[in-house]
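Residue numbering restarts at 1 for every chain, and letters A, B, ... go by the order of the sequence lines. Values reported hereafter were calculated over all heavy atoms of this structure, with side chains retained and with hydrogens, waters and symmetry mates removed.
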Number of protein chains: 2
Amino acid sequence: MAKRNVRLTRDAIVECAMTLADAEGLEAVTIRRLAQENGVTPMAMYWHFNDKDALLDGLADHLISSVKLPAPGSGPWDVQLREILEAFVVAVRPHPALAGLILRRILIADAGLELAERVLALLGEAGFTAEKTAEVGTFLMCSIITLAAADPATGPHVEGRDADELHRRKRAHLETLSPARYPNVVAAAPALLNCRGQDDYFALNLDLLVQGVRGIRRS
Amino acid sequence: MAKRNVRLTRDAIVECAMTLADAEGLEAVTIRRLAQENGVTPMAMYWHFNDKDALLDGLADHLISSVKLPAPGSGPWDVQLREILEAFVVAVRPHPALAGLILRRILIADAGLELAERVLALLGEAGFTAEKTAEVGTFLMCSIITLAAADPATGPHVEGRDADELHRRKRAHLETLSPARYPNVVAAAPALLNCRGQDDYFALNLDLLVQGVRGIRRS
DNA sequence: ATGCCCCTTGTACGTCGTACAGTTGTCGGA
DNA sequence: TCCGACAACTGTACGACGTACAAGGGGCAT
């Protein structure tokens, strides 16, 4: 993996960290591992990033700025809101291991502020007060991240486990449940284990969020 | 902190870990720290738990089983659903640092299965197919956990930072924003920094979720 | 060639989870 | 009264982690 022909770059490190996180999870993203991956000493990282948190912030910022916001059209607010939220999930979905890093950077990264600005504007247009706008907007951002985060079987933002093994254990456990005691869980068991990652799941719950915003508009 | 008069117990350890997490965050919950807190050698923990993950699972299970489900009344499904979701948030809210641990244990812990069963049953009653029931139910559980997790300024499930310092930095950053470029963000800035932890926030977004479910019922 | 500055290396420390083996306290049957 | 057996705990050690600190090299303008 040593590619020590050129100098190291912030962006190169971030890129490397992203593919690493996608392939092996966030817990594989280690200063030492990143250094080794680039044929370099661990301490070399610290020239490009103050500390590991700064590196993770870099990852988050990179992910946030990959959101392709639709042009600020003139359609009804709920349609526009849905488009923006969808653009957000679409960008984050390919990197579920990193989803948890995003939240704390949304109001810091430029792209995140742009995103927040658009969402808050639409909520204002929908008739929410400034305070409710903040509350709903915050929750929407959190929900989208949740939506895009990893499979519940592996657990979002909980790393350090063998995903396959956990998934198998969960399946085995669900199969031992008494259908008399948990009829609905047993009936939904295959879907519960499977539903994440399906386009259906995202579309349906994006609708849920937008319809929810519409539903609480007057109150 | 050494209270070595009685033998150690799984429950005692879990209890200790919970107060520790509430006071100093999940990153303070360490095998060594827990041992020291109980006046015992680190390795003593491994008699009661196979490894640290088992300990965290114990924490999650304890938290899940603290949910006080309302009696299965006979009101309309959406009212009952809201009551259940509210009971969930109420139980988890006091322990935001642990919220992230819950998800992967919901379909394993008995109390979690009970919770899932009730939610899925109500969704079935609302007219969802088995598959959509699973999708919506999964998302609802995730959202409630998200809702109950820590302040976005400190970042849910992201530990290892000084919360106060981060909050101050965020506030400072928001105050430097150009109101021309981000009018809505600037207008909502105080609320954005503050809204979490307010009862208002939880009530409003619980409504959002329930109304959302109602909104997507027929489709 | 020389000096400077950007980038990298080398070494070391403290913390973490935990494998492995040994030690104690307690208690029921002889 | 003794005695093993088993439950609960101790002691030591290892490898991985983040990172402080100081020293080194290598390309560029002079």
For nucleotides 26-28 of chain D, tabulate all protein N/O to nucleotide N/O atom pairs closer than 3.5 Å, reporting atom names and distance.
none

What nitrogen or oxygen pairs link the protein and nucleotides 10-15 of chain C at under 3.5 Å?
none

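Comparing I31(A) and W47(B) against DNA chain D, the residue whose closest nucleotide sits nearer the 5' end is W47(B).
At least one side-chain heavy atom of I31(A) sits under 4.5 Å from a side-chain heavy atom of Y46(A). Within the 4.5 Å cutoff, the side chain of F88(B) has heavy atoms near those of the M141(B) side chain. In this structure, L56(A) and F49(A) have side chains that are not in contact, with every pair of non-hydrogen atoms separated by 4.5 Å or more. Contact of the F202(B) side chain with the V90(B) side chain is not registered, since no non-hydrogen atoms from C-beta on lie closer than 4.5 Å.
A salt bridge links R33(B) with E37(B): the distance from a Lys NZ or Arg NE/NH1/NH2 to an Asp or Glu carboxylate oxygen falls below 4.0 Å. The pair D57(B)-K52(B) does not meet the salt-bridge criterion, since no charged nitrogen lies less than 4.0 angstrom from a carboxylate oxygen.
The interatomic distance linking M45(B) (CE) with dC16(C) (P) rounds to 14 Å, in whole Å. For the pair K52(B) NZ and dC16(C) C1', the interatomic distance rounds to 8 Å; values are reported in whole Å. Straight-line distance from the OH atom of Y46(B) to the P atom of dA21(C): 17 Å, rounded to whole Å. In this structure, CZ of F49(A) is placed 16 Å from C1' of dT8(C), rounded to the nearest angstrom. Counting to the nearest Å, the C1' atom of dT19(D) and the CG atom of N50(A) are 12 Å from each other. L34(A) has its CG atom 15 Å from the C1' atom of dT19(D), to the nearest Å. As rounded to whole Å, 16 Å separates atom C1' of dG15(D) from atom CZ of R33(A). The interatomic distance linking E27(B) (CD) with dG17(C) (C1') rounds to 16 Å, in whole Å.
Distance check: I64(A) CD1 to L59(A) CG gives 11.0 Å after rounding to the nearest 0.5 Å.
The side chain of H48(A) places no N or O atom within less than 4.0 Å of a non-bridging phosphate oxygen (OP1 or OP2) of dC6(C).
Looking at L85(B), L208(B), V92(B), V89(B) one by one, the single match for side-chain contact (heavy atoms from CB on, under 4.5 Å) with L147(B) turns out to be V89(B).
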Query raised in the report: After noting the C-alpha distance and the side-chain angles of R93(A) and D199(A), does the key distance pass the salt bridge (charged side-chain N to carboxylate O under 4.0 Å, His left out) rule?
Result: CA-CA 10 Å; R93(A) 254 183 83 177; D199(A) 288 351; 3.0 Å; yes

